[in-house]
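Okay, so here's the structure we're looking at.
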Amino acid sequence: MSISPAVNAWFRENGRDLPWRRPGFPAWGTLVSEIMLQQTPVVRVVPRLEQWLERWPTPPDLAASPASDAVRAWERLGYPRRALALHAAAVAITDRHGGVVPEDVPSLLALPGVGDYTARAVAVFAYGHRHPVVDTNVRRVLARAVEGVAEPWAPRATRDLPLMESQLPADDEEARVTNAGVMELGALVCTARAPLCDSCPLLEQCAWVAAGRPAHVGPRLRVQPRFEGSDRQVRGLIMAELRASDIPVTSAEIERVWTDAAQRDRALAGLIRDGLATGSPDEGYTLPD
DNA sequence: AATCCGTGGTG
DNA sequence: TCACCAAGGAT
């Protein structure tokens, strides 16, 4: 028994009115939104996305700007490597695809910052192609409703894609709604912490509920190290300095952001290695371009 | 394949 | 308070 009929009916009634679901929303907007949404909540993405698309309505528009502008416009969305990747993707789309976001999964996968999830999300949501789209929300819904376990497994394409494929209707448009609907269900109802089973359209066919909602067995997935005092925090502080300055940031200014010299140096070297910063102790440091 | 990569909201 | 969580990708 497939979950798609109940999910599709629920989604058409309860899906959020998000920018990327507007009729006529461009494929470029879908690509930008999907990259912004990687590990970043919807509420933080929406305003930044709208500003981004107003400034850079097409890939060639972004490709014509320096990467530093992209990193600044990214502001505090987090993981600024994504801003750099998105800029590089815009250049690649302009050079290799005539400025038009490609439709096929292999071409999308070849773009910087585009992985297994994002490639299929663009092919399905922007172009209406029929593919399974599996993110953490989908994996959690499949784990519970289909497999009957409390927590999703680690991402694995060879397991995730066939499982979601087995839940998709044959029709392209219905399959697209199922992809969006399962994801939305995971985001709004079948949540990680406290699932709202009482208002779930799959309550009566959920394998996990049928099994008595057994607790998770085994180790937690992807335990995050603490942020306070981490290299990530130091990188973030340095990036904030670089974003805020139109002239090179001096070594002395960088020294002021973090007292531990070894950690500071490690963070700065990492940023330079990632292409998020350039410069030297003598000339100071700037964003790329 | 395990680890790294930001930031902010929340129960 | 603080650990958990958030439409992953690259290496």
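- Looking at A:R82 and A:T40, their side chains do bring a donor and an acceptor atom within 3.5 Å of each other.
- The residue A:A192 sits close only to the backbone: its heavy atoms come under 4.0 Å of sugar-phosphate atoms, none of a base.
- Mapping A:V223 and A:D116 onto DNA chain C by nearest heavy atom places A:V223 closer to the 5' end of the strand.
- Scanning residues 155-166 of chain A for heavy-atom distances under 4.0 Å to DNA chain B yields an empty list.
- Residues from residues 235-247 of chain A placing a heavy atom under 4.0 Å of any atom in DNA chain B, listed by number, are A:R235, A:G236, A:R243.
- With sequence neighbours excluded, the residues forming a side-chain contact (heavy atoms from CB on, under 4.5 Å) with A:D171 are A:E173, A:E174, listed by chain and number.
- Residues that satisfy the ring-ring contact (aromatic ring centres under 6.0 Å, His included) test with A:W208, not counting sequence neighbours, are absent from this structure.
- Using a 3.5 Å distance cut-off with no hydrogens or angles, the side chains of A:T178 and A:Q167 do not pair a donor with an acceptor.
- Atom-to-atom distance recorded for A:R156:CZ and A:L161:CG is 11.0 Å, nearest 0.5 angstrom.
- Under a 4.0 Å N-O distance rule, the pair A:E75/A:R48 qualifies as a salt bridge.
- Close approach of DNA chain C to chain A, defined as any atom under 4.0 Å from a non-hydrogen atom of the protein, starts and stops at C:dA3 to C:dA10.
- C:dA7 and B:dT10 are spaced 14 Å apart, taking the P atom of each and rounding to whole Å.
- You'll find the side chain of A:Y127 stays beyond 4.5 Å of the side chain of A:L108, heavy atoms only.
- Nucleotides B:dG6 and C:dC4 are separated by 16 Å at their C1' atoms, to the nearest Å.
- Cluster membership check: A:V149 does not share its hydrophobic cluster with A:V209, using side-chain heavy-atom separations under 4.5 Å among Ile, Leu, Val, Met, Phe, Trp and Tyr.
- Across residues 2-38 of chain A, A:R16, A:L18, A:W20, A:R21, A:E34, A:L37, A:Q38 each have a non-hydrogen atom less than 4.0 Å from an atom of DNA chain C (numbered order).
- In this structure, CD of A:Q39 is placed 15 Å from P of B:dC4, rounded to the nearest angstrom.
- Among the atoms of the strands shown, none is found under 4.0 Å from any heavy atom of A:V45.
- Among the protein residues, A:Q233 comes within range of no part of the nucleic acid, since none of its heavy atoms lies under 4.0 Å from any strand.
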| Given the rule in the side-chain contact (heavy atoms from CB on, under 4.5 Å) test, do A:L62 and A:T94 qualify, once you have shown the distances and angles that lead to the verdict? | CA-CA 9 Å; A:L62 177 57; A:T94 302; over 6 Å; no

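- A:R159 forms a cation-pi arrangement with A:W153, by the criterion of a distance under 6.0 Å to the ring centre and an angle within 45° of the ring axis.
- A:G78 comes within 4.0 angstrom of a base, heavy atoms only.
- Donor-acceptor pairing under 3.5 Å is recorded for the side chains of A:T250 and A:E253.
- A:R81 comes within 4.0 angstrom of a nucleotide base, judged by non-hydrogen atoms across all strands.
- Using a 4.0 Å cut-off between a side-chain N of Lys or Arg and a carboxylate O of Asp or Glu, A:E184 and A:R21 qualify as a salt bridge.
- Nearest heavy atom pair, residue A:P214 against residue A:G148, reads CG-O, 4.0 Å.
- Take A:P5 and apply the side-chain contact (heavy atoms from CB on, under 4.5 Å) test, not counting sequence neighbours, and it matches A:S2.
- Of the charged side-chain nitrogens involved, none lies within less than 4.0 Å of a carboxylate oxygen, so that A:R55 and A:D61 do not count as a salt-bridged pair.
- In summary, the side chains of A:R176 and A:N179 do not present any donor paired with an acceptor at a separation below 3.5 Å, with no hydrogens or angles considered.
- Taking A:S68 as the reference, A:P66, A:R72, A:L287, A:D289 meet the side-chain contact (heavy atoms from CB on, under 4.5 Å) condition, with sequence neighbours excluded.
- Residues from residues 133-142 of chain A that place a heavy atom under 4.0 Å from any atom of DNA chain C, listed by number: A:D135, A:T136, A:N137, A:R140.
- Sorted by first and then second residue, the side chain to side chain donor-acceptor pair (under 3.5 Å) pairs involving residues 24-36 of chain A (not counting sequence neighbours) are A:E34-A:Y117.
- Screening residues 98-111 of chain A for side chain to side chain donor-acceptor pair (under 3.5 Å) gives A:E103-A:H129, A:D104-A:S107 as the qualifying pairs, with residues at least two apart or on separate chains.
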What protein N or O atoms touch nucleotides 9-11 of chain B N or O atoms at under 3.5 angstrom, if any, and at what distances?
none

